[in-house]
Amino acid sequence: MSTHAKAAFEVKTWDEKPYAELGGKAKLTRASVTKSFHGDIEGEGTLEYLMAYAEDGSAGFVGMEHIVGRIGNRSGSFVLQHSGSDDGSTSNVALLVVSGSGTGDLHGLRGHGRCIISRDQPQYAFSLDYDFD
């Protein structure tokens, strides 16, 4: 049976740079991001995003995030795979715990989650349904 965790995070740093201009406003970028988590998940995350922006400012993106901290009463680290889209004001992100990425007390962690991010909020909420092998 999986456990449902709710947490909030704040973005501490966001360093985004284009690596290909596709004409007009369309481009490919890479962003290095650091985050701080609070709630059922506590810790720090480092995230690398690859993003493809369309002419209208919408984007699709993928990312890998390494989180060091705790879930419930277990400590360690794990990796979340991100896949999402952004319409220019809101991002919708699917999250998947990368199999075999858990360390310490988080060894054997598996799970999936979702995050909807609206730019007008100082902190962002997300949820993760998880279990252990």
Handout entry: Trp14 and Ser32, any side-chain heavy atoms less than 4.5 Å apart
Key = no
Problem - Criterion side-chain contact (heavy atoms from CB on, under 4.5 Å) on Leu109 and Tyr130, from CA distance to verdict - result: CA-CA 7 Å; Leu109 178 68; Tyr130 70 93; 3.7 Å; yes
Handout entry: Asp40 (side chain) donor-acceptor with Lys6 (main chain) under 3.5 angstrom
Key = yes
Completion exercise
In short, Ala26 meets Glu55 closest at the heavy-atom pair N-OE2, 3.7 Å
Handout entry: Any side-chain heavy-atom pair of Met64 and Val98 under 4.5 Å
Key = yes
Problem - Leu80 CG to Cys115 SG distance, which is reported to the nearest 0.5 Å - result: 10.0 Å
Handout entry: Side chain to side chain, Phe132 and Leu106, heavy atoms closer than 4.5 Å
Key = yes
Practice task
Can you establish whether the number of heavy atoms outside His107 located under 6.0 Å from its atom NE2 is more than 12?
Solution key: no
Problem - Name of the residue among Glu10, Glu65, Glu44 meeting side chain to side chain donor-acceptor pair (under 3.5 Å) with Lys35 - result: Glu65
Exercise for the section: Could you tell me whether the side chains of Thr29 and Glu16 share a donor-acceptor contact shorter than 3.5 Å? Expected result: yes
Handout entry: From CG (Leu128) to CD1 (Ile67), nearest 0.5 Å
Key = 8.0 Å
Fill in the blank from the handout: One should read off an interatomic distance between Ile117 CD1 and Thr90 OG1, to the nearest 0.5 angstrom, of 9.5 Å
Exercise for the section: Drop me the distance from Arg30's CZ to Asp15's CG, to the nearest 0.5 angstrom. Expected result: 9.5 Å
Can you give the donor-acceptor pairs under 3.5 Å from side chains of residues 18-25 to other protein atoms, not counting sequence neighbours?
none

Problem - Within 6.0 angstrom of Arg70 CZ, more than 12 heavy atoms from elsewhere - result: yes
Handout entry: Side-chain heavy atoms of Val11 within contact of Tyr124, under 4.5 Å
Key = yes
Exercise for the section: Kindly indicate whether the side chain of Val79, heavy atoms from C-beta on, has any atom under 4.5 Å from the side chain of Val97. Expected result: no
Handout entry: Heavy-atom check, side chain of His82 versus side chain of Tyr49, under 4.5 Å
Key = yes
Practice task
Find the distance between CG (Leu95) and CG (Asp129) and round it off to the nearest 0.5 Å.
Solution key: 11.0 Å
Practice task
Scan Thr34, Thr46, Val33 and name whichever one has a side-chain contact (heavy atoms from CB on, under 4.5 Å) with Lys12.
Solution key: Thr34
Practice task
Kindly compute the distance separating CD (Gln81) from OG (Ser101), expressed to the nearest 0.5 Å.
Solution key: 10.0 Å
Exercise for the section: Taking all non-hydrogen atoms of both residues into account, name the closest pair between Val93 and Phe61 and its distance. Expected result: CG2-CZ, 3.7 Å
Completion exercise
In short, Tyr53 meets Ala59 closest at the heavy-atom pair CD2-CB, 3.7 Å
Handout entry: Residue pairs fulfilling salt bridge (charged side-chain N to carboxylate O under 4.0 Å, His left out) with at least one residue in residues 82-108, sequence neighbours excluded
Key = Asp86-Arg119
Fill in the blank from the handout: For Lys27, the salt bridge (Lys or Arg N to Asp or Glu O under 4.0 Å) test, sequence neighbours excluded, returns none
Practice task
Report yes or no: is the cationic atom of Arg110 (NZ for Lys, CZ for Arg) under 6.0 Å from the centre of the six-membered ring of Phe78, at an angle within 45° of the ring normal?
Solution key: no
Exercise for the section: Please step through side-chain contact (heavy atoms from CB on, under 4.5 Å) for the pair Val62 and Met51, ending with a clear verdict. Expected result: CA-CA 7 Å; Val62 295; Met51 296 177 280; over 6 Å; no
Practice task
Please tell me if the side chains of Ile41 and Phe126 come closer than 4.5 Å, counting only heavy atoms from C-beta onward.
Solution key: yes
